[in-house]
Amino acid sequence: MATTIIDGTIEEAVIKRRRKLGSVFTRILFRLDDGTTKTWAKAVAANDVADSLKPGTRGRFYLYTAIDHRGIHGLRSADGREIYGFGKQNEIVSLVIFVVSALTVALSVAALGDAPLLAAILLVLSIPMYFLYRNTRVQAERQFQADAGYRPPAA
Amino acid sequence: MAEGRWTYRDAGGIARTAVILLYVDAALSALAAGTALAIGPENFWGDGVGLFQLARFLIQIATAIVVLIWLYRANANVRALGADDMMGSPGLGVGWFFIPLANLFMPYMTVRDIWKASAKPKDWQAERAPAAILIWWLLWITGGIIGVIVFRIEMEYGFKTAPPEALWLSLGSDLIWVAASLLLAWIVRNVQAMQASAWPASVY
């Protein structure tokens, strides 16, 4: 897991789908203040944040990666907007996998005396997955709060 | 040259060793497959074959160790070159090979991302990786699965008394292994060359 801060302007934001829990972007292309570009591909964002990720938006963007997921959890724009949002979908999915696989293992052991290998592996993997996603969210929140005093310079 | 907490360390020597071992591995697999084809798989387990297979196994272990060391270094080097948004850590990139279920797809994604980040470290996510990486991974997985099946059959029946079907499977696994090893050698060479060109002090 890692969090990053970039300063720049969005040149392109291609949204793939928008759901109740958040949006997925095919790619977001940033023109950084140093003139270089940075692409954030297959990125997720809470809808509050996603709504502000449009071409022309300039300011400071807060990004994260967790395993193979990457997203944008906040922005402080040059026009004064300050938006934070972090979806909990991956944490919830990890918990669901944990509960379902734990039940499967428990019922199998009780009924058959043997645990299915796939459920046992998923049970073991779901625990670090949950904490990794949770820690990423906590770290992202701290990163955004720690930068609370920052105001992007006006254009 | 350093970007953040990562320092670029030339991996040319490790890459060369990995490529040589992969070529040796491919040659031994081709030799095994060629011999089995020439004399028929059912006649394959003659005198000295056990020793040959042991040597081949040891080469494969050595190859795996060197490739994983190179993978760690290549992963750390792209971060030093400016790819600050890579997935996980270089250690996790190696660790994926040993995590059940995740080892079916995460190593492929790691190698693919290292390729993309080596091509354009500062803005790698928009880069395209060659299809050869996916082909390598599918061959690697297929060869590995067939190899495990053959090994289990041979353990059950004994090497010299295994059914002919197992020996034909083994032949198929060897041929797949040849292609997978050659493709991985190609990937290692190209990634190393891209990283070396991004870091002028490196010689490969």
Side-chain angles (χ1 to χ4, degrees), chain A residues 1-8 11-14 25-44 61-73 90 94 97 101 115-129 132-133 135-136 140 143, chain B residues 1-6 71 75-76 78-129 133-134 137 141 145 148-149 152 198:
Chain A
M1 69 188 174
T3 54
T4 318
I5 290 176
I6 60 171
D7 295 312
E11 289 201 339
E12 187 185 24
V14 182
F25 289 86
T26 304
R27 67 180 172 278
I28 301 172
L29 174 65
F30 297 95
R31 173 70 59 184
L32 305 187
D33 287 352
D34 65 5
T36 60
T37 58
K38 187 170 199 70
T39 307
W40 210 238
K42 295 175 187 165
V44 299
F61 300 88
Y62 301 82
L63 320 174
Y64 71 88
T65 58
I67 312 183
D68 63 327
H69 295 105
R70 58 179 67 93
I72 302 178
H73 56 273
N90 291 331
S94 303
I97 291 173
S101 53
L117 184 62
L118 181 65
I121 291 172
L122 287 173
L123 177 62
V124 172
L125 290 181
S126 63
I127 299 167
M129 264 172 59
L132 190 128
Y133 288 127
N135 287 346
T136 305
Q143 177 214 41
Chain B
M1 183 175 177
E3 188 84 20
R5 69 191 184 96
W6 301 103
L71 193 69
N75 200 330
V78 289
R79 294 160 199 260
L81 290 168
D84 55 2
D85 47 357
M86 293 287 286
M87 175 170 67
S89 64
L92 185 60
V94 172
W96 288 129
F97 282 88
F98 305 99
I99 299 174
L101 295 184
N103 61 7
L104 293 176
F105 53 92
M106 292 308 285
Y108 158 71
M109 292 169 73
T110 302
V111 172
R112 181 199 64 188
D113 288 356
I114 289 173
W115 179 289
K116 290 160 75 172
S118 301
K120 196 177 180 186
K122 299 264 185 188
D123 188 16
W124 62 272
Q125 289 184 31
E127 287 293 303
R128 282 184 176 276
I133 297 177
L134 180 60
W137 185 246
I141 290 283
I145 290 171
V148 168
I149 292 169
R152 287 194 169 193

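Letters A, B, ... are given to chains in the order of the sequence lines, protein chains preceding strands, and every chain is numbered from 1.
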Worksheet, complete the sentence: Taken to the nearest 0.5 Å, the spacing of I99(B) CD1 from I121(A) CD1 works out to 11.5 Å
Practice prompt. List for me each residue that meets salt bridge (charged side-chain N to carboxylate O under 4.0 Å, His left out) alongside K120(B), sequence neighbours excluded, and say none if there are none.
Written response: none
Worksheet item: Do you know the tightest heavy-atom contact between T39(A) and A126(B)?
Response: OG1-CB, 3.5 Å
Worksheet item: For L125(A), is it the side chain, the backbone, both, or neither that has a heavy atom closer than 4.5 Å to a heavy atom of chain B?
Response: side chain
Worksheet entry | Pairwise side chain to side chain donor-acceptor pair (under 3.5 Å) hits with a residue in residues 93-119 of chain B, at least two apart | S118(B)-Q195(B)
Discussion item. Counting heavy-atom pairs under 4.5 Å with chain B, which one of K38(A), K42(A), H69(A) comes out on top?
Written reply: K38(A)
Worksheet, complete the sentence: Heavy-atom closest pair (I67(A) atom, M106(B) atom, distance to 0.1 Å) is CG2-CE, 3.7 Å
Practice prompt. Classify the side-chain pair D85(B)/T4(A) by whether it contains a donor and acceptor separated by less than 3.5 Å.
Written response: no
Discussion item. Once rounded to the nearest 0.5 Å, what's the spacing between atom CG of D84(B) and atom CD1 of I5(A)?
Written reply: 11.5 Å
Fill in: pair D123(B)-T36(A): side-chain heavy atoms closer than 4.5 Å
no
